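What you see is a predicted model; the values in this text were computed from it and never measured. Any value given below was found using the heavy atoms of this structure, including those in side chains, with hydrogens, waters and symmetry copies removed. Chain letters run A, B, ... following the sequence lines, proteins first and then strands; every chain starts at 1.
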Amino acid sequence: MRMRTVEISVGAFVLAGILALVFLVVRVSGINFEDSSTYSISARFDDVAGLKRRAKVSLAGVVIGRVSHIQVDTEYGEAVVHMEIERRAGPLSTDTGAQILTEGIIGSRYVSLLPGADEEVLDDGDEILDTQGALVLENLIGDLVTNLGS
Amino acid sequence: MPDLLLRLGHRALNRMASLGRASMLWVASVFWLPKPADLYLVVRQIHNVGVLSLIIVMLSAFSIGAVLALQFYTQLARFGAQDAVGVGLAVVLLRELGPVITALLFAGRAGSAITAEIGLMKSTEQLTSMEMMGVDPLRRVVAPRLWAGFISLPLLTAIFNVVAIYGGVVVGIEWLGIERGAFWSGMTDVVEIWEDIGKGMLKSVFFAVVVTWIAVYQGYDTYPSAEGIGLATTRTVVYSSVMILALDFLLTLSMYGDF
């Protein structure tokens with residue numbers, strides 16, 4: 001009899017632990033079973049100013065992907081940003097633009113895509129050509145000072 | 001002076017020997033997988049170390065979740081960012097506080113009990129009589145406790161996290177009036193399965209190995225006297241706590257230190 005209550009309580013404990021884990025995965029991390037396949041595109045920027053891996057990629061303010069990794073091309077002195085775009089967001093035309101913006105004043109950097117008009121669409125491995133790097137405050141102040149001086 | 005050096009060397013050699021004994025104990029018992037017939041030994045130990053730790057773990061979890069929500073709220077509300085309470089709560093709990101505090105409680109509640117139990121068995125020569133009867137005390141006494149610890153602590157950690165988040169929900173949403181939708185969606189946006197939940201659970205597996213190992217070894221290596229058992233129990237709690245916190249730093253460094 002004693003052993004049986006022990007068994008029942010251990011069973012309930014293990015079940016509770018597993019349910020807790022399931023709750024964490026489903027409710028807290030919000031796993032979604034929708035189509036999550038992505039394709040990879042890249043873009044070259046003259047300055048990414050601290051853009052990080054896993055930063056958001058958004059179109060019209062909606063997150064449609066993440067930065068997967070960032071390389072530096074020492075030959076041209078440019079940063080090559082690789083992005084994973086969700087397929088369910090729909091196709092992006094080849095003349096889509098990309099710029100690096102900042103969330104709020106002290107927020108983190110993210111990539112904002114500007115819609116294009118071309119009929120052809122970007123596919124896995126394609127590159128965005130129309131890019132604009134991050135605005136670096138020091139450079140802006142530098143420009144201002146030289147302009148004021150002249 | 002030479003006397004001091006002599007004693008220092010002696011102590012160092014003693015520590016080395018004790019580490020060696022602990023490693024041999026671990027290797028000898030951990031590779032013993034419970035046979036189906038001996039499974040009840042493990043079940044009984046899961047009851048002792050897991051089920052009986054449940055109440056202290058859940059009570060602590062609730063108060064920690066509640067107090068975190070309160071602190072996050074008062075700081076974040078100054079920037080009008082009280083919706084971020086859910087994110088902060090979930091990340092802090094899943095990555096750090098959940099595994100660490102559960103392991104500390106586990107060391108205090110279950111680790112000390114394991115040490116005292118095995119220590120008393122040794123003092124009353126039960127372990128020796130087992131050996132004389134041809135029963136291997138490593139398999140009969142040590143291994144079931146090790147496995148019970150490995151199984152129980154990760155489960156307790158998962159339960160801790162859920163209860164603590166519930167504590168945060170009670171204080172944050174029900175009491176302070178954070179908007180329910182913003183609280184949860186902020187959380188689900190940021191929390192990731194492997195990066196937050198998976199790595200947190202992995203930490204608790206490491207802690208489980210360390211705590212149960214220390215507890216079992218201290219019991220097995222007790223000096224067989226009433227004083228010895230007291231000393232060994234204290235050592236279990238102290239060593240486990242220090243090891244958990246030191247190990248946590250190393251694990252965080254290797255898991256999240258992005259450099």
Pair [X] + [Y], salt bridge at N-O below 4.0 Å:
X: A:Arg44; Y: A:Glu78; result: yes
X: B:Glu117; Y: B:Arg145; result: yes
X: A:Arg66; Y: A:Glu86; result: no

Can you say whether [X] sits under 4.5 Å from chain A via the side chain, the backbone, both, or neither, judging by heavy atoms?
X: B:Ile159; answer: both
X: B:Phe160; answer: neither
X: B:Ile193; answer: both
X: B:Ser152; answer: both

Subject >> B:Trp184 and A:Phe23 aromatic ring geometry - parallel, tilted or perpendicular at 30°/60° bounds >> reply: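 If you compare the ring of A:Phe23 with that of B:Trp184, the planes turn out perpendicular.
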
Subject >> Region of A:Val63 in contact with chain B, defined by heavy-atom distances below 4.5 Å >> reply: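 Neither part.
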
Subject >> Heavy-atom pair count under 4.5 Å with chain A, highest-scoring of B:Ala90, B:Gly50, B:Pro154 >> reply: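 When all of B:Ala90, B:Gly50, B:Pro154 are compared, B:Gly50 has the most.
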
**OP:** Please determine which of A:Arg87, A:Glu84, A:Arg88 meets the side chain to side chain donor-acceptor pair (under 3.5 Å) test together with A:Thr38.
**Re:**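 When A:Arg87, A:Glu84, A:Arg88 are each tested with A:Thr38, the side chain to side chain donor-acceptor pair (under 3.5 Å) holds only for A:Glu84.
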
